[in-house]
Amino acid sequence: MDFLPNEQQKMIIETARKVGGEYGLEYWREIDAKKQFPTEIWKAICSSGLAAAALPEEHGGSGLGMLELAMIVETLAASGAGSTVGQLFMNNPIFGGVGISRFGTAQMKRDYLPKLVSGEMLFCMALTEPDAGSNSLEIQTFARREGNGFRINGRKIWITGVPQADKVLVIARTQKAEDVKRRTDGITMFLLDRDREGLSHTPIEKVGTNTLTSSMVFLDDVWAGPDEIVGTLDMGWHELLDVLNTERIVTTACLVGTAQLAIELAVKYAGERKVFRGAPIGSYQGLQFPLAEAYAQTETARLMNYKAASLFDSGLPYGSEANIAKLIAGHASAQATDRAMQTMGGMGYAKESYVERLWRDARLFRIAPISEEMILNFISIHNLKMPRSY
């Protein structure tokens, strides 16, 4: 096993660090306050080729892998973006890129992947529903056949980046749950225009991740043509899982970068702040130990995430590793951002210290894209071979 980045990976990391540094903490604080989409940095990410790292060369990508993409997201997060930058990659190189490059038609690949790489097109995915939550097999959105196409009806919730998206990857049942032998049958992915008759959306007010809107999405007799199916009609469940598990890798990467950034900010503050007898507060073990623990968790999550990404790139099963990495990264980012705020005292609660945004944004990812409890269910059943509890 080789734990050292190669020369190409070092160049990629340095490029991400440079782009991230140009749009650092102050940039993100300003657009967070305005609830403004991070258009400028996404354009810079695409212009530098970072968004294209794991996409095929024949469609403008770099032909690298998820390992390189994880390194990019982690570096951008640590350079000032925090965890929110991960959502840009989830929506575009993952939902759009992985979905289309692995399962899309030849026409989709020709039409959309070059525009994804350049930043001309943005994507999002509509999966989660109000009455299904983490149980995606219970989705009620239904695509009924009409002529040579489908009419889709249903509701989706907590869908990220809808107002800016050009295309929405909509997950729907094309066979009723009661009509299939296995619950995993009868699920299909559709790639639809966001601006289409019958598709509407409304924002959800939330605590953090203010630069990317979360929305309710309503599908009222939305037309989908046969050429808009991504993957296999009625048999899209396992194809969807490939998209979702790569999402885990990106999520972990942004949390690792967030934890790293929070720890760096806390250590810097603690080295400069002097309150008692001229000694910096960073010399107190009561502040050192929690940050040291967060650091240990962060390094563990990083290595497990690299393992998951490497397995994916080798065409090997990686679901367990991706889920474990995401679980530990959630703990690491929570510990790091909370203890960084505590280290800074009252200033940690102030906007100007930047940590409060990292704390607000990272909290989401202990719930999404999959909750810690569901990850523990997965580990119990698939790794420990214990009885299913749900």
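Excluded from the calculations below are hydrogen atoms, water molecules and symmetry mates; all remaining heavy atoms, backbone and side chain alike, are included. Everything numeric here is computed off the predicted structure, so don't read it as measured data. For the single chain, residues carry numbers from 1 onward in sequence order.
- When atom types are taken as modelled, the side chain of Gln175 and the backbone of Asp185 share no donor-acceptor pair closer than 3.5 angstrom.
- More than 12 heavy atoms of other residues, nucleotides or ligands lie within 6.0 Å of CZ in Phe37, so this atom counts as buried by the packing criterion.
- Within 6.0 Å of CH2 on Trp359 lie no more than 12 heavy atoms contributed by other residues, nucleotides or ligands.
- Of the residues Thr211, Leu212, Thr160, the one that meets the side-chain contact (heavy atoms from CB on, under 4.5 Å) test with Leu88 is Leu212.
- By the 6.0 Å contact criterion, CG on Asp179 is enclosed, its count of non-hydrogen atoms from other residues, nucleotides or ligands being greater than 12.
- Between the side chain of Lys385 and the backbone N or O of His382 there is at least one donor-acceptor pair closer than 3.5 Å.
- Under the 4.5 Å side-chain heavy-atom criterion for ILVMFWY residues, a single connected hydrophobic cluster contains both Leu50 and Met90.
- Hydrophobic clustering, with ILVMFWY side chains joined whenever heavy atoms are under 4.5 angstrom apart, groups Ile249 together with Phe123.
- Put simply, the side chain of Trp223 reaches to within 4.5 Å of the side chain of Arg151, judged on heavy atoms.
- Taking the centre of each ring, Phe312 and Tyr318 come in below the 6.0 Å mark.
- The two residues Tyr23 and Ala44 have their closest heavy-atom pair at CE1-CB, 3.7 Å.
- For the pairing with Leu122, the side-chain contact (heavy atoms from CB on, under 4.5 Å) check across Arg194, Gln164, Lys167 returns one residue only, Gln164.
- By the criterion of side-chain heavy atoms lying less than 4.5 angstrom apart, applied directly or through intervening Ile, Leu, Val, Met, Phe, Trp or Tyr residues, Met125 is grouped together with Phe103 in one hydrophobic cluster.
- Around NZ of Lys43, the count of heavy atoms belonging to other residues, nucleotides or ligands within 6.0 Å does not exceed 12.
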*Would you check, one step at a time, whether the test side-chain contact (heavy atoms from CB on, under 4.5 Å) holds for Arg102 with Val243?*
CA-CA 9 Å; Arg102 289 177 72 86; Val243 177; over 6 Å; no

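- By the rule that hydrophobic residues join a cluster once side-chain heavy atoms approach within less than 4.5 Å of another member, Leu25 and Trp28 end up as members of separate clusters.
- Across all non-hydrogen atoms, the minimal contact from Ala224 to Phe190 is CB-CD2, 3.8 Å.
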_Would Leu67 and Met71 count as a side-chain contact (heavy atoms from CB on, under 4.5 Å) here? Give the steps._
CA-CA 6 Å; Leu67 178 58; Met71 292 175 172; 4.0 Å; yes

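- The closest donor-acceptor contact from the side chain of Arg173 to the backbone of Leu137 lies under 3.5 Å.
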*Determine, step by step, whether Glu26 and Tyr354 satisfy the side-chain hydrogen bond (donor to acceptor under 3.5 Å, both in side chains) criterion, reporting the C-alpha distance in whole Å, the side-chain angles of both residues, the deciding distance to 0.1 Å, and the verdict.*
CA-CA 8 Å; Glu26 191 60 31; Tyr354 306 113; 2.9 Å; yes

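- With contacts defined as side-chain heavy-atom distances shorter than 4.5 Å, the pair Ile204/Ile157 qualifies.
- In this structure a side-chain-to-backbone donor-acceptor pair under 3.5 Å is missing from Glu247 to Ile94.
- Geometrically, Lys326 does not engage Phe365 in a cation-pi contact, judged by NZ or CZ lying under 6.0 Å from the ring centre and within 45° of the ring axis.
- The line from NE2 of His59 to CG of Asp111 is 10.0 Å long, rounded to the nearest 0.5 Å.
- Rounding to the nearest 0.5 Å places CG of Leu169 at 6.0 Å from CE of Met189.
- Using modelled atom types, no side-chain atom of Glu68 and backbone atom of Gln9 make a donor-acceptor pair closer than 3.5 Å.
- Distance check, rounded to the nearest 0.5 Å: CD1 of Ile370 to CG of Leu244 gives 8.5 Å.
- Paired with Val85 under the rule side-chain contact (heavy atoms from CB on, under 4.5 Å), one option of Ile72, Val250, Leu76 passes, and it is Leu76.
- Using bins of under 30°, 30° to 60° and over 60° for the plane-to-plane angle, the ring pair Phe276/Tyr284 lands in the tilted bin.
- More than 12 heavy atoms of other residues, nucleotides or ligands shown are found within 6.0 angstrom of CD on Gln36.
- Contact record, Ile229 with Leu233: CD1-CD1, 4.0 Å, taken as the closest heavy-atom pair.
- Atom NZ of Lys109 sits in a crowded spot, with more than 12 heavy atoms from other residues, nucleotides or ligands closer than 6.0 Å.
- Residues Asn383 and Phe378 meet the side-chain proximity criterion, which asks for heavy atoms closer than 4.5 Å.
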*After noting the C-alpha distance and the side-chain angles of Ile171 and Thr141, does the key distance pass the side-chain contact (heavy atoms from CB on, under 4.5 Å) rule?*
CA-CA 8 Å; Ile171 316 304; Thr141 297; over 6 Å; no

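- Salt bridge absent: Lys115 and Asp166 never bring a charged side-chain N and a carboxylate O closer than 4.0 Å.
- The number of heavy atoms from other shown groups lying within 6.0 Å of CE (Met347) is above 12.
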*salt bridge (Lys or Arg N to Asp or Glu O under 4.0 Å) between Glu272 and Lys268, worked out*: CA-CA 7 Å; Glu272 297 171 351; Lys268 183 177 185 297; 3.0 Å; yes

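- Between the side chain of Asp2 and the backbone N or O of Leu4 there is at least one donor-acceptor pair closer than 3.5 Å.
- Residues Gln260 and Thr298 share a closest heavy-atom pair of N-CG2, 4.4 Å.
- Checked by atom type and distance alone, the side chain of Ser353 never pairs as donor or acceptor with a backbone atom of Tyr349 at under 3.5 Å.
- Side-chain atoms of Thr188 and Phe150, non-hydrogen and from C-beta on, never get closer than 4.5 Å to each other.
- Here side chain to side chain donor-acceptor pair (under 3.5 Å) pairs that include residues 77-93, with residues two or more places apart or in two chains, are Thr84-Asp361.
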*Apply salt bridge (Lys or Arg N to Asp or Glu O under 4.0 Å) to Glu7 and Lys10, showing your working.*
CA-CA 5 Å; Glu7 290 305 312; Lys10 288 178 183 178; 3.4 Å; yes

*In sequence, state the C-alpha distance, the side-chain angles, and the governing distance for Arg29 and Glu352, and then conclude on salt bridge (Lys or Arg N to Asp or Glu O under 4.0 Å).*
CA-CA 8 Å; Arg29 184 175 71 172; Glu352 66 184 84; 6.0 Å; no

*Step by step, would you call Glu22 with Glu40 a side-chain contact (heavy atoms from CB on, under 4.5 Å)?*
CA-CA 10 Å; Glu22 291 174 358; Glu40 300 83 4; over 6 Å; no

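- Using a distance-only test at 3.5 Å, with no hydrogens or angles considered, no donor-acceptor pair links the side chain of Arg366 to the main chain of Glu372.
- The hydrophobic clustering, which links ILVMFWY residues whose side-chain heavy atoms are closer than 4.5 Å, places Met121 and Ile41 together.
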*asked:* Run Glu14 and Lys18 through salt bridge (Lys or Arg N to Asp or Glu O under 4.0 Å) and show every step you take.
replied: CA-CA 6 Å; Glu14 187 53 40; Lys18 181 178 178 182; over 6 Å; no

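- Remark: the backbone N or O of Gly319 is paired with a side-chain donor or acceptor of Asn323 at under 3.5 angstrom.
- Here the closest non-hydrogen pair linking Gly99 and Val230 is O-CG1, 3.5 Å.
- Between atom CD1 of residue Ile187 and atom NE2 of residue His238 there is a gap of 9.5 Å, rounded to the nearest 0.5 Å.
- Taking every heavy atom of both residues into account, Glu129 and Arg155 meet most closely at CG-O, 3.2 Å.
- A donor-acceptor distance shorter than 3.5 angstrom exists from the side chain of Asn153 to the backbone of Asp221, with no hydrogens or angles considered.
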